[in-house]
Protein chains: 2
Amino acid sequence: MEKLREPLCEIAQCGLPFALEAMGERWSFMILRAAFNGVRHFEDFLEALGIARNILSNRLSRLVEAGILKREHCADDRRRIEYRLTPKGMDLLPAMLALRQWGEKWQLGVPANPVLCDARDGMPIRPIGITAHDGRALSPDDLTWRERAELEAAVAFEPLRKVL
Amino acid sequence: MEKLREPLCEIAQCGLPFALEAMGERWSFMILRAAFNGVRHFEDFLEALGIARNILSNRLSRLVEAGILKREHCADDRRRIEYRLTPKGMDLLPAMLALRQWGEKWQLGVPANPVLCDARDGMPIRPIGITAHDGRALSPDDLTWRERAELEAAVAFEPLRKVL
DNA sequence: GGTTTTAGGTTGCAACTAGAAACTTAAACT
DNA sequence: AGTTTAAGTTTCTAGTTGCAACCTAAAACC
C-alpha cells in the first residue's frame, strides 16, 4: 500500500471530484439504479424510491444537466416524459456494481438475491476488481503511479492501449 | 438493457443502499482517497482536503464506526492518532477507481496524470469493467438476473465459485 | 368543453451540513 | 512547571436537504 501514493487534488488532475460532483448527492445512485432497472417516468421513480417530489425533480434535472440521463417526450403520449440513460450514464454501471457488491459483501448479512449473471452462459459475474492490461487480478499492493510522459516514452514501441 | 431488471429495494436484498449509508456522504470518498494516498493524521486530512475541523471529525468517526477506517494511537507518540484503512476499507478501492475513471473519462477534459499502473510490468491498469466468471468483458446487454435458488440448482455439478 | 393524467413548481418547516473561530484535553517536549 | 502539539469539541452562523401538501401547465381522453 505504500507504493500507492499520488499528489492530492490541487496538483493532480483527478477525476474523483468530478465524478462526485455529478453523482455525489444522496439520491443520485439510487435514481441511477432505478434507471438501470428500467424505470423511466417521474411517477415511477417517485414510487420506486419513496423520494419527495421536489427532490426527485431537482435530482433528475441535475442528472440530465450532467448528461447522465436524457429527457424526452414520449412519441405516443407527448405529455409523458422519459428519462433514459445516456452512454455516459450507462458507463457508470461498473462503479455502481462495485459499490453494490461491496455493500453486499460487507454490510448486508445475507447473500444477495437475485444474482447478476452473464446472459450467455448463466454464470454469476465475477466480482468487480482491478486488473492488469492482460487481465491478471491486481491487489492494492501491486499498484504504482507513473507520469504519463514517462509512460508514453517507455511504451513507444508497443502501441499504448487506450486507458481511462 | 431490457434484460437488466430486478425488483427494487423493498423486495430485493440490495447492497447499494447499505454501501451508500456508509459512503454516501459528501466527503467520504475524498477522505477515503486521501487515506489510500497514505494520509493518516487528523491535521493532514484537514490540510489535504480543505475541510472544516468539525466535519472531518464527524466523518472520520462515522468511517471508523462503519469499520472502513480504524483509529489507533501511535506507539511512539501516544497523543497522535492514526486513521488507517481496514480490509473492509481497502476493498472499496475498485469502487473508488471505477468512479474516478468515469470522472476522468467523461468529466475531466485532459488525460489523467499520473496514471495508475501495474507495479510488476509498469503497464497502465485496465479500465474497471464488468467481467464474466471466465474473464470475458461484459456489456450491460450481456447481463441478466437469476434467482439464487435456481442458480444453485443449475450448477450443482460444477462447484459454484464464491460470488459477492 | 370538462376531466384526468403526468410532470413538476411553490411554500413552509424541520433537520442536517458546512465553515470559522474559540475552547479543551492529553501527551510530549524543555 | 510551562509551552507546544495533536486531536478533537463547542458555539455560532449560513446554507442546503428533505418532506408534506398544495398548486400549475400541458396533453390526452371522453
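FYI, side chains are in, hydrogens and waters are out, and symmetry mates aren't considered; it's all heavy atoms of this structure. Computed from a prediction, not measured in an experiment: that's the story for all the values here. Below, chains carry the letters A, B, ... as their sequence lines are ordered, and counting in each starts from 1.
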| Does B/R59 place a side-chain N or O at less than 4.0 Å from the phosphate oxygens OP1/OP2 of C/dA18? | yes
| Contact under 4.0 Å: B/H41 side-chain N or O vs D/dA7 OP1/OP2 | yes
| On DNA chain D, nearest-nucleotide positions of A/D76 versus A/R53: which is more 5'? | A/R53
| Any side-chain heavy-atom pair of B/F42 and B/S57 under 4.5 Å | yes
| query | B/R71 or A/I51: which one's nearest nucleotide on DNA chain D is closer to the 5' end? | reply | B/R71
| query | What integer distance in Å separates A/E72:CD from C/dT6:C1'? | reply | 16 Å
| query | What's the CD-C1' distance between A/E82 and D/dA27, to the nearest Å? | reply | 16 Å
| said: For A/A75 versus A/R78, what's the shortest heavy-atom pair and its separation? | reply: O-CG, 4.0 Å
| Distance in angstrom units between B/D77 CG and C/dT25 C1', rounded | 14 Å
| Which part of the nucleic acid, if any, lies within reach of A/Y83 when heavy atoms closer than 4.0 Å are counted: base, sugar-phosphate only, or nothing? | sugar-phosphate
| field | Residue A/S57, side-chain atoms from C-beta onward, closest of C/dA28, D/dA7, C/dG8 | value | C/dG8
| message | Expressed as a whole number of angstroms, how long is the span from B/F42:CZ to C/dA27:P? | response | 18 Å
| Rounded to whole angstroms, how far apart are CZ on A/R40 and P on C/dA7? | 13 Å
| Does A/E25 come within less than 4.0 Å of A/R62, counting only side-chain N to carboxylate O? | yes
| message | Closer than 3.5 angstrom, by distance alone: can the side chain of A/R148 be matched with the main-chain N or O of B/A112 as a donor-acceptor pair? | response | yes
| query | Once you round it to whole Å, what is the distance between P of D/dT17 and CG of A/L49? | reply | 17 Å
| field | Shortest side-chain distance from A/R79, nucleotide among D/dA6, C/dT6, D/dG18 | value | C/dT6
| message | Of the listed nucleotides (C/dT17, D/dG18, C/dA28), which one gets closest to any side-chain atom of B/I55? | response | C/dT17
| task | Give the nucleotide from the list D/dC19, D/dT17, C/dT17 with an atom nearest to the side chain of A/E25. | result | D/dT17
| request: Would you mind classifying the nucleic acid contact of A/N58 as base, sugar-phosphate or nothing, using non-hydrogen atoms under 4.0 angstrom? | output: nothing
| task | Report yes or no: do A/D91 and B/W106 form a side-chain donor-acceptor pair below 3.5 Å? | result | yes
| Nearest-nucleotide pick for B/N54, side chain only, options being C/dT17, C/dA28, C/dA20 | C/dA20
| query | Just how far, in rounded Å, is P of D/dT5 from CG of B/D44? | reply | 15 Å
| message | Need one value for A/I81: base, sugar-phosphate or nothing, where a base atom within 4.0 Å counts as base even if backbone is also close, heavy atoms only. | response | sugar-phosphate
| task | Send over the distance from A/H73 NE2 to D/dA25 P, rounded to a whole Å. | result | 16 Å
